[in-house]
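These notes concern the structure reproduced below.
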There are 2 protein chains.
Amino acid sequence: MESTQVVQVLRDRGYRVTPQRVEVINIVLEKLAKREHPTFNDILNEVKQKMPSISASTVYSILRLLEDSGLVTSFEHNGRTYYDSVSPHINVVCVNSDKVIDIVDENVVNLLRERGVQPLAITVKALCAGQ
Amino acid sequence: MESTQVVQVLRDRGYRVTPQRVEVINIVLEKLAKREHPTFNDILNEVKQKMPSISASTVYSILRLLEDSGLVTSFEHNGRTYYDSVSPHINVVCVNSDKVIDIVDENVVNLLRERGVQPLAITVKALCAGQ
DNA sequence: CTCCGTGCAAATGGTTTGCATCTTA
DNA sequence: TAAGATGCAAACCATTTGCACGGAG
């Protein structure tokens, strides 16, 4: 998804387009396109580089807005919130390293759908090989 | 799993068997046997009824011990930690109601295993029907 | 009798809230 | 120019930590 599309969705829903919102959207989409799983702090730090005066509470509220609008999703691990793309995929969270690896598996998603579950985010805690 | 077995595992590993540990183990196993997904507070409240002087930090440390020993697992949602059995199953967390529903699906677990993932806990955030 | 475990209180860290100020539409 | 967004500080809440006391082995 393009940042201009996201901005348009917000505009259509009657939300105002502020420089803070545009900046957060740009950073988040950039990270999600790279299949990263940024934490709130990852995003805040990145945004602060471009816009040093932005406040944490503003970033929290923008991320909540994006999530409530179905444009991103999130999951929690070790007390932190990770943000993620809404495309159907599986996040393998390595409990021994805190790394998160994406797996795309249509079969799993289809099996869930057959059971009546429309997944927003799939998270699998696992012990991961290699340390 | 029986509470006596859990106690034995702890003993074998050199951990002391205290009345607090036995009580927490009893409560947790009882809830997990009923396929419930107790939060930390659910467990604390229940334990306090039997043992009013127990402290939260003790319960936290016992639950961490059980989790580190592989006897239970946990997942996080809305800032709270939910405890869960280690049997392979899928937790569907309804974001619109905070309810958690278990699904047993060997196929999903097998697909994950084929991908080299040994799941400790599988969590699926979903919008659930019925309110 | 010796550690390990417990309980208390204080600290921590992520997130939310209240409110005055600023800005988009 | 009016409703909505921002930034700051304080509040919140789940969890962790430090430490003296107590009990399991």
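Hydrogens, waters and symmetry mates play no part in the numbers below; they use all other heavy atoms, side chains included. Each chain gets a letter, A, B and so on, in the order its sequence line appears, and its residues count up from 1.
Residues D105(A) and R115(B) are paired through a salt bridge, judged by an N-O separation under 4.0 Å between the basic side chain and the carboxylate.
Here the CZ atom belonging to R21(B) is positioned 6.0 Å from the OG atom belonging to S61(B), to the nearest 0.5 angstrom.
In this entry the distance linking CD of Q20(A) with C1' of dT24(C) reads 11 Å, nearest Å. Spacing between atom CG of L63(A) and atom P of dG14(C) amounts to 15 Å, rounded to whole angstrom units. Nucleotide dT23(C) holds its C1' atom 13 Å from the CE atom of M51(A), rounded to whole Å. Nucleotide dA25(C) holds its P atom 13 Å from the CG atom of D12(A), rounded to whole Å. As a whole-Å value, the separation of N78(B) CG from dT15(D) P is 12 Å. Distance L10(A) CG to dT24(C) P: 15 Å, rounded to the nearest Å. The separation between L65(B) atom CG and dT16(D) atom C1' is 16 Å, rounded to whole Å. When rounded to the nearest whole Å, the span between CD of E76(A) and P of dC13(D) equals 16 Å.
Place G79(B) and G14(A) on DNA chain D by their nearest nucleotides, and G14(A) ends up nearer the 5' end.
Here dG5(C) is the nucleotide among dT15(D), dT6(D), dG5(C) with the atom lying nearest to any side-chain atom of R21(B). Distances from the side chain of I62(A) to the nucleotides dT15(C), dT6(D), dT6(C) place dT6(D) closest. Which of dT6(D), dT6(C), dT16(C) sits closest to the side chain of T58(A) comes down to dT6(D). Side-chain proximity of R80(B) to dT6(C), dA14(D), dT16(D): nearest is dA14(D).
Checking the phosphate oxygens (OP1, OP2) of dT16(D), a side-chain nitrogen or oxygen of R64(B) falls inside 4.0 Å. The phosphate of dT16(D) has neither OP1 nor OP2 within less than 4.0 Å of any side-chain N or O from Y60(B). For S61(B) and dG5(C), the shortest distance from a side-chain N or O to OP1 or OP2 is not below 4.0 Å.
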Could you go through nucleotides 21-25 of chain D and list every protein N or O atom that sits under 3.5 Å from one of its N or O atoms, giving the distance for each pair?
from    : atom 1 : to     : atom 2 : distance (Å)
dG23(D) : N2     : R16(B) : NH1    : 2.8
dA24(D) : N3     : R16(B) : NH1    : 3.4
dG25(D) : OP1    : V17(B) : N      : 3.1

Give every pair of a protein N or O atom and an N or O atom of nucleotides 8-11 of chain D that lie under 3.5 Å apart, one pair per line with the distance.
from   : atom 1 : to     : atom 2 : distance (Å)
dC8(D) : N4     : S57(A) : OG     : 3.0

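Ring geometry for F40(B) versus Y60(B): interplanar angle under 30°, hence parallel rather than tilted (30 to 60°). The aromatic rings of F75(B) and Y82(B) lie parallel to each other, their planes meeting at an angle below 30°, with 60° marking the opposite boundary.
Other residues sharing the hydrophobic cluster of L120(A), ordered by chain and number and joined by side-chain separations under 4.5 Å: V95(B), L127(B).
If you check the side chains of T123(A) and N91(A), you find no donor sitting under 3.5 Å from an acceptor.
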> Taking it one step at a time, do S74(A) and E67(A) satisfy side-chain hydrogen bond (donor to acceptor under 3.5 Å, both in side chains)?
Replying inline: CA-CA 8 Å; S74(A) 70; E67(A) 189 164 8; 2.8 Å; yes
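Tested against I25(A), the residues V22(A), L29(A), I27(A) include a single side-chain contact (heavy atoms from CB on, under 4.5 Å) partner, L29(A).
Taking all atoms of both residues into account, the shortest heavy-atom contact from P119(B) to R113(B) is CD-NE, 4.5 Å.
The same ILVMFWY cluster, assembled from side-chain heavy atoms under 4.5 Å apart, contains both V59(A) and L71(A).
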